[in-house]
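Only one structure is covered here, and it is reproduced in the block below.
Order of the sequence lines sets the chain letters (A, B, ...), proteins ahead of strands, with each chain counted from 1. Note that the structure is a prediction, hence the values are computed from the model and not measured.
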Amino acid sequence: MTDDRESILSRVRGALAPLHERAPLPAYDSEIAVLRSLLAGRDLAELLAERMRRVNGLALTSPAAVVAHLRAGGHRHGYCDPALWPELAPHFADGFTVETRFDRTRVDEYAFGITRAAGAIAESGTIILKDRTTSSRLGALAPWVHIAVVSRADIFGDVTQAVAALGEDRNVVWCTGPSKTADVEGILIEGVHGPGEQIALIVP
Amino acid sequence: MKGQAIDRFAATLPAETRASVYQSTKATHEKRTRLLFDQFADPDRLRALAGEIKQHAIENLDTYLPQAEARLRANGAQVHWAGTAEAACAHVLRIMRDRGATKMVKAKTMVSEEIELADYLGRHGIEALETDLGEFIIQIDHDHPSHIVRPIIHKNRREIATSFEREGLGAYNDDPATITRRARHHLRHKYLAADVGLTGANFLSAESGRIALVTNEGNSRFSVAATRCHIVLVGIEKIVPRDRDLGLLLNLLGRSATAQDLTVYTEFISGPRDPAQPDGPEEMHVIFVDNGRTEVLAGECREILRCIRCGACLNVCPIYRQASGHAYRSVYPGPVGAVLSPLLLKENFPQKADLPKASSLCGACHEVCPVNIPIPDLLLRLRARAKEENVPSPGTPPMGPWALLASQPTAWRAALVAGRALNVLPTRLIPVPALQAWTASRELPGWRGGEFRRWLKARRRPAPPAR
Amino acid sequence: MLNRERTPLTGRRVQLMATCLCDAFYDDVAAATVEVLEHAGVEVAFPEGQTCCGQPAFNGGDWPASRRVVRHTVRTFAGEDPVVVPSGSCAAMLFHGAVLEFEREPDAPAVEALGRRTWELADYLVNGLGVRAWPGRYPARVALHRSCHSRGSDSVAAALTLLRSIAGLEVVEFGEPEQCCGFGGTFAVTFPHLSGAMGQLKLDHVRAAAPDVYVSADMSCLMHLGGLAAREGRPIRTLHLSQVLRDALRGGEAKP
């Protein structure tokens, strides 16, 4: 099987050769795309909660609130990052089944997944997951409810800062609210492939 | 057949389809505009800047492509180059066969539509399943997408419910939530059983080799969470210089496409999964696809390569709203498609040379484009090219005689007077096709050729203005 | 959006480009333009050799034919005096379209120079001369058509400034003002179905706002919309901006 690398690059060079000058890379301040008036003087955790609500997400500040929410929704079986479970377990009383290994063969059994977030973006109401901090991509995606545990210190103000902090991780995903579609007649439906409920548990 | 194909198509579009296309494009356009102008003091400055960044990127592909390639390789991904659609399809097939893979889940990618990948793989015994809800419905219906972002904008819930019932996805139920739940249940087992996940890339950062990929449904995320091999198809024009440029472009993409600050899932992927991560691909292949892009780069419409496939130009376009996407006979419909589709045909340009004509040149597309592509100018350049190549264009009045008249003032003034015949002759008797086309649905005002000149002379005769 | 670099104005003498449409159909619009400019203290010359700006062939893709007409226009409107045209479309042809089709032509500089001194009427009055208020009276509800060639230019704001300043005149808004009416030059006859459907949408929005007059800086759009409405047997009253400005000086709408 031949590869077209050289022929493509040669066509690219041929296409660009006649240009008298090439368009310069504009200098710009990333601040231009920041919603500064939104951020001014705000506590980032509060703003994150507010902006998550705007995209139909939910921010909670105590494990007890999470448990109450899951109980109210009838979500009794879930997955939890093994590193988080020792601290959270005491809050999950009787009636919950929580596994610390996500078994993909029983994907339909998990109603919720609890994983650690690498951070969040207040401006857009976004949760940041990275391969090195998320215990299971599937555990954070397949269940109906995803709870991302976010440390207050890891909340970025804006998208620009979060881009600057992408770092070395080969897989970073930003989740801004629940999975959704408007494919059918433009009607918004949540929970298409990923979570129907996206929750941040903001911890100190 | 008389007239232009797009005009005929629009005339026969069912009223219900037109109404739904019109309503949803209008709603999205209005939401987009409100959001951008509520949030930013000068959104046009953002658009201009994003356009300059993309223009710089495509005019420096000779530097950025090898740079991105090197970074991807350093990150553990394999990079392949495909000059044509066939070559791109063949790369995908070979990668799958090398792994003994037979099942693929596909996220929505325009370039895979462009190279007709799913059909190709199907012919070679590989199941390539569309996972975007709209694309899934297109696939089971053997239909074609009609919008870049909203592939089934032309379908209603009853048609979809009928298709689901036919495919054994449950008894007829046209509730959109039920339709979505059924797709959720059906498709998640498909992801988990698949060998390979295929996605596109919205952007590729040369600096880091990072691919930025957005979906609202989370289907690309599921594809790369459930499978062990990730194949990325990326058009060579998707490159941006640096990661920081992604911040600006992502901010514009979500707002322009669907009036969201950010699309729900924004993924940054620069290689196979981390060793500590249990889920996801251990192998990542990135295929750089040319398929006509280098020819576009060599021509005078290269600005179209800035396009980030947001669909904003479709949503605002009065022609798209009336004609819907299938009228354009192309993977890329609407204003961007009217430029890109004929160009990507290379020497077969005449087959779609009518698309750039299907525009009133109103400029709304340019006004909303997040990368500020002067689409009307490009449409005009393509019209000039079609004329140069003598492509027939039904209904287009010949301009040669008119130009002759309009460059000879004496003849022009005589024609102004002669035109008075229009006031006495019944127009149906005058064999000028343009006149017939005009008067088929509109009155023609009375001809008053030369009256203004007479008025001016009469007025000035008594007291000529002092010089 | 469009090229818009302008030569600064010095005197108060202009050359009027009446447009082919006014030359053939709408003489009163050209006459009103003359009277409006003269009221503003401007001396108006009318180069007799003028024909058309060249836009029909340019839009139709026949650039050699269009360039022939543009070259004639450049010769006809020689000198340094600005060119004022009661049409955003013809103005945009000269400052943008012609420049595009002359990119590779040796006489491009002359074409660009003409573009730099070409003004749409309202733009000239407001942004060129600094007129902020128009005298007289015009007691009517007026809806302003946003012609597409004024998109991104200063013409729409200029027209609104003038209209809103007129005593008795009320500017009424209507739905989707930014949407094209479907004229589009040869588009109107090459794509008659689409053109008509777009026109109907525009008419629906305008009729819903029930203005006394529908006013535009471009007669081409009004010829299409007015023609559609008349054919339906439900005519709308249309006027060019220059006619409203002139009639305001006379104290109000000339009753049809």
Under a 4.5 Å cutoff for heavy-atom pairs, which residue among [options] has the most contacts with chain B?
options	value
A:P18, A:S135, A:G14	A:S135
A:S179, A:G196, A:P178	A:S179
A:G177, A:A164, A:S7, A:A142	A:A142
A:A140, A:S30, A:S10, A:A17	A:S30
A:L138, A:I32, A:V163	A:L138

Contacting moiety of [X], where chain B heavy atoms sit under 4.5 Å:
X	result
A:L166	both
A:S37	neither
A:Q161	neither
A:R54	side chain
A:I187	side chain
A:V172	both
A:P195	both
A:E21	backbone
A:D158	neither

With only heavy atoms counted, which part of [X] is less than 4.5 Å from chain A, the side chain, the backbone, both or neither?
X	value
B:P241	side chain
B:R255	side chain
B:T263	backbone
B:L297	both

*Work out which heavy atom in A:D183 is nearest to a heavy atom in B:G134; give both atom names and the distance.*
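So the minimum-distance heavy-atom pair works out to OD2-N, 2.7 Å.
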Taking the side chain from [X] and the backbone from [Y], do they hold a donor-acceptor pair closer than 3.5 Å?
X	Y	answer
A:R137	B:A226	no
B:E59	A:A23	yes
B:Q277	A:D131	yes
B:R184	A:G194	yes
B:N216	A:K180	no
A:H193	B:N219	no
A:R170	B:P272	yes

_With a sphere of 6.0 Å drawn around NZ of B:K31, does it hold more than 12 non-hydrogen atoms of other residues, nucleotides or ligands?_
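Not more than 12 within 6.0 Å, no.
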Out of [options], return the one with the most heavy atom pairs under 4.5 angstrom to chain A.
options	value
B:G218, B:P176, B:S20	B:P176
B:E52, B:E267, B:R188, B:K155	B:R188
B:G299, B:A225, B:G254, B:G280	B:A225
B:I152, B:L192, B:L133, B:L61	B:L192
B:H147, B:R244, B:Q55, B:H189	B:R244

Between the side chains of [Y] and [X], is the shortest nitrogen-to-carboxylate-oxygen separation below 4.0 Å, so that they form an ion pair?
X	Y	answer
A:R132	B:D274	yes
B:D279	A:R104	no
A:R22	B:D62	yes

*Is the NZ or CZ atom of B:R45 positioned over A:Y28's six-membered ring, under 6.0 angstrom from the centre and within 45° of the axis?*
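The answer is no, since B:R45 fails at least one limit relative to A:Y28.
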